[in-house]
Visitor: 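Below is a structure I'd like to ask you about.
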Amino acid sequence: MQIHYQTKGFIHPSKPGHPERPHRQMAALSGLLQLPEGKLSWHGAQPVELVEAEIAHDPNYLRMISEADFSRTRAHQLDGGDTVLSETTLEAALTALGGARSATSQIMSGKTSTGFVVARPPGHHATKDSGMGFCLLGTAAWAALDARNRHGARVALIDPDLHHGNGSQNILWDEPDTLFASTHEKGNWPGSGQPEETGGMGQIINVPLDKGSGSATMREAWADIFDRVAEFGPDLIIVSAGFDAHGDDPLSGLNWTMEDYSWFGKRLAELADEVCHGRVLSILEGGYDLQVLKHGIAAFSAELTELDDKSTSPGLVPDTDLMGWRAPHLGGYSNMPHPGQEALKVTKVGGRLWIEETATGQFLYTVPEFVKLISRDPLTHLVREANALGQLPIDMIIRLEAEAKRVAGFNPGRSNDFS
């Protein structure tokens, strides 16, 4: 499996406390690094030109986001505040498209059977003419059209994310030689994805899942969808790989487990082997609990790596150390450098506790809004451990959040996967 990833995961910053944050990408990479050596090769993604996005997006929308003025603000809000456009967000989104194009070319040329694009922002809520739901450009739907246009491929895009991929559906609604299929939590945002929404040519499949449902319901739904995909006969299967339907995700009302993601990967691998020579491209979408994201992406991807029967050189293996990052949050959170002090310290600014890199003054981490810290002690202990180690690996952040309690109003966690 080839991993095409954003080498500067911090260039699309988040609002402090927001669940969609740069640390998600690091958690995903940490999960993939668990897979056996020889199964993966790593590739730094490069952005495509803005005009290339026009196959999926209205030129007026692209012009609006590319000409946004940042002289008086660090970010613009596209949908009431949850989707932010910073000065470097468009570069990040175009890099995700570039990773998808490169991975698709490698797959369609037979150099690999499977690829995974690990980049932010996610994409499946971005419509032809609007960014929303944390998404700016419709990476997966764009990749489907790009594969069709450049390689003559029939493409099935499947979406197991907690939320309906309304943007992907919007982009592919009237597109021939494509199929879009989604399961999602019934009644959850954005509210679309009803069974009667079948597309301009009957090539869209929506299966809403009842809140509280789990393994049996998801497996039945996806077994039926996989049969429909086989009937469609794709040359390439693209996955909008979201992991927020897991029972421990803070936004989830579904009860998927790690075994479900492994099952999904295995069944997908069997399907791809049967209908399209094992060709599968996965693209990261949702998943906001870092522990779930790390282990979910590993469980899913481990099954797909079996489609590649040869070892490969490792390539540009990523580093999951947060030290050396540019501050990944909006709001101007950084201090003057303090060389000579310990590498990291805990700082309180704007009513929040932060981990600060003293040599650069960059604020590297603050807990998301769904994590409850009763005191600064957990951060203090983490910083002490990181200073002794000489680095701040993402796995330390994952452990901190896994051991903390959830804020009221968010899913407290219902699975037994990590007990």
Side-chain angles (χ1 to χ4, degrees), residues 1-14 20-47 88-89 91-104 106-107 111-112 114-123 139 239 241 243 281-302 304-305 308 311-328 343-344 355 357 360 362 364-365 386 389-399 401:
M1 176 183 284
Q2 290 191 4
I3 313 300
H4 294 252
Y5 69 100
Q6 223 166 39
T7 56
K8 298 182 290 185
F10 51 78
I11 68 169
H12 171 51
S14 63
E20 204 298 289
R21 51 203 163 119
H23 307 81
R24 295 181 56 248
Q25 178 175 323
M26 299 294 269
L29 294 174
S30 178
L32 291 168
L33 284 165
Q34 295 183 100
L35 300 182
E37 290 185 18
K39 289 291 187 180
L40 305 179
S41 63
W42 302 87
H43 308 263
Q46 299 296 320
T88 51
T89 293
E91 178 189 348
L94 292 172
T95 300
L97 301 192
R101 169 173 286 178
S102 179
T104 298
Q106 294 290 300
I107 291 168
K111 294 178 181 177
T112 184
T114 58
F116 210 125
V117 178
V118 180
R120 299 175 47 261
T139 311
V239 186
F243 297 90
L281 171 64
S282 303
I283 299 172
L284 182 64
E285 299 283 3
Y288 306 101
D289 179 288
L290 299 184
Q291 180 174 231
V292 168
L293 181 53
K294 173 183 175 177
H295 293 286
I297 199 170
F300 166 74
S301 300
L304 293 175
T305 60
D308 286 301
S311 295
T312 184
S313 59
L316 188 65
V317 180
D319 184 356
T320 60
D321 181 10
L322 303 189
M323 287 190 187
W325 262 24
R326 194 173 71 206
L344 302 172
I355 295 178
E357 186 173 25
T360 63
Q362 300 293 299
L364 302 180
Y365 174 76
L389 185 64
Q391 56 180 311
L392 179 60
I394 191 62
D395 286 347
M396 284 189 179
I397 302 296
I398 294 172
R399 185 187 66 201
E401 294 187 7

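Predicted model only: the values in this text are computed from it and were never measured.
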Visitor: What orientation do H23 and W325 show, parallel under 30°, tilted 30 to 60°, or perpendicular over 60°?
Guide: tilted
Visitor: With the threshold set at 4.0 Å, does a side-chain nitrogen-carboxylate oxygen contact exist between K294 and E401?
Guide: no
Visitor: Would a 4.5 Å heavy-atom cut-off, applied to side chains only, mark P13 and T89 as touching?
Guide: yes
Visitor: For a side chain to side chain contact (heavy atoms under 4.5 Å, CB included) check, start with the C-alpha distance between F300 and V239, then their side-chain angles and the critical distance, and finish with the verdict.
Guide: CA-CA 11 Å; F300 166 74; V239 186; 4.2 Å; yes
Visitor: With a 4.5 Å cut-off on side-chain heavy atoms, are L97 and T139 touching?
Guide: yes
Visitor: Would you call R326 and T360 a side-chain contact if the rule is heavy atoms closer than 4.5 Å?
Guide: no
Visitor: Roughly how far, to the nearest 0.5 Å, is the CD atom of E91 from the NZ atom of K8?
Guide: 5.0 Å
Visitor: How long is the straight-line distance from CG of L293 back to CD of Q25, given to the nearest 0.5 Å?
Guide: 10.5 Å
Visitor: Is the shortest heavy-atom distance from the side chain of V317 to the side chain of E37 under 4.5 Å?
Guide: no
Visitor: Are the side chains of E357 and L322 in contact, using a 4.5 Å heavy-atom criterion?
Guide: no
Visitor: Which value, rounded to the nearest 0.5 Å, describes the distance between Y5 atom OH and L32 atom CG?
Guide: 11.5 Å
Visitor: Using every non-hydrogen atom in the two residues, find where V117 and A96 come nearest and quote the distance to one decimal.
Guide: CG1-O, 3.9 Å
Visitor: Hey, could you give me the CD1/CE distance between I398 and M26, rounded to the nearest 0.5 Å?
Guide: 10.0 Å
Visitor: Any donor and acceptor pair, going by atom type alone, linking the side chain of T95 with main-chain N or O of Q6 inside 3.5 Å?
Guide: no
Visitor: Using side chain to side chain contact (heavy atoms under 4.5 Å, CB included), reason through M323 and L344 one step at a time and then give a plain yes or no.
Guide: CA-CA 9 Å; M323 287 190 187; L344 302 172; 3.5 Å; yes
Visitor: Please report the closest heavy-atom contact between L281 and A100, naming both atoms and the distance.
Guide: CD2-O, 4.0 Å
Visitor: What's the shortest heavy-atom distance between R24 and L290, and which atoms?
Guide: CA-CD2, 3.8 Å
Visitor: Hey, does T305 have a side-chain heavy atom less than 4.5 Å from the side chain of T114?
Guide: no
Visitor: Apply side chain to side chain contact (heavy atoms under 4.5 Å, CB included) to residues S301 and M1 and explain how you reach the verdict.
Guide: CA-CA 9 Å; S301 300; M1 176 183 284; 4.1 Å; yes
Visitor: Can you tell me how far apart CG (L284) and CZ (R120) are? Round to the nearest 0.5 Å.
Guide: 9.5 Å
Visitor: Do you know which two heavy atoms are closest between T320 and S30, and how far apart they sit?
Guide: CG2-N, 4.1 Å
Visitor: Within a strict 4.5 Å, meaning less than it, do heavy atoms of the E20 and P122 side chains meet?
Guide: yes
Visitor: Roughly how far apart are L29 CG and I3 CD1, rounded to 0.5 Å?
Guide: 8.5 Å
Visitor: Quick check: closest heavy atoms across P22 and F10, and the distance to 0.1 Å?
Guide: CB-CA, 4.1 Å
Visitor: For the residue pair A298 and Q34, what are the closest heavy atoms and their distance?
Guide: CB-NE2, 3.5 Å
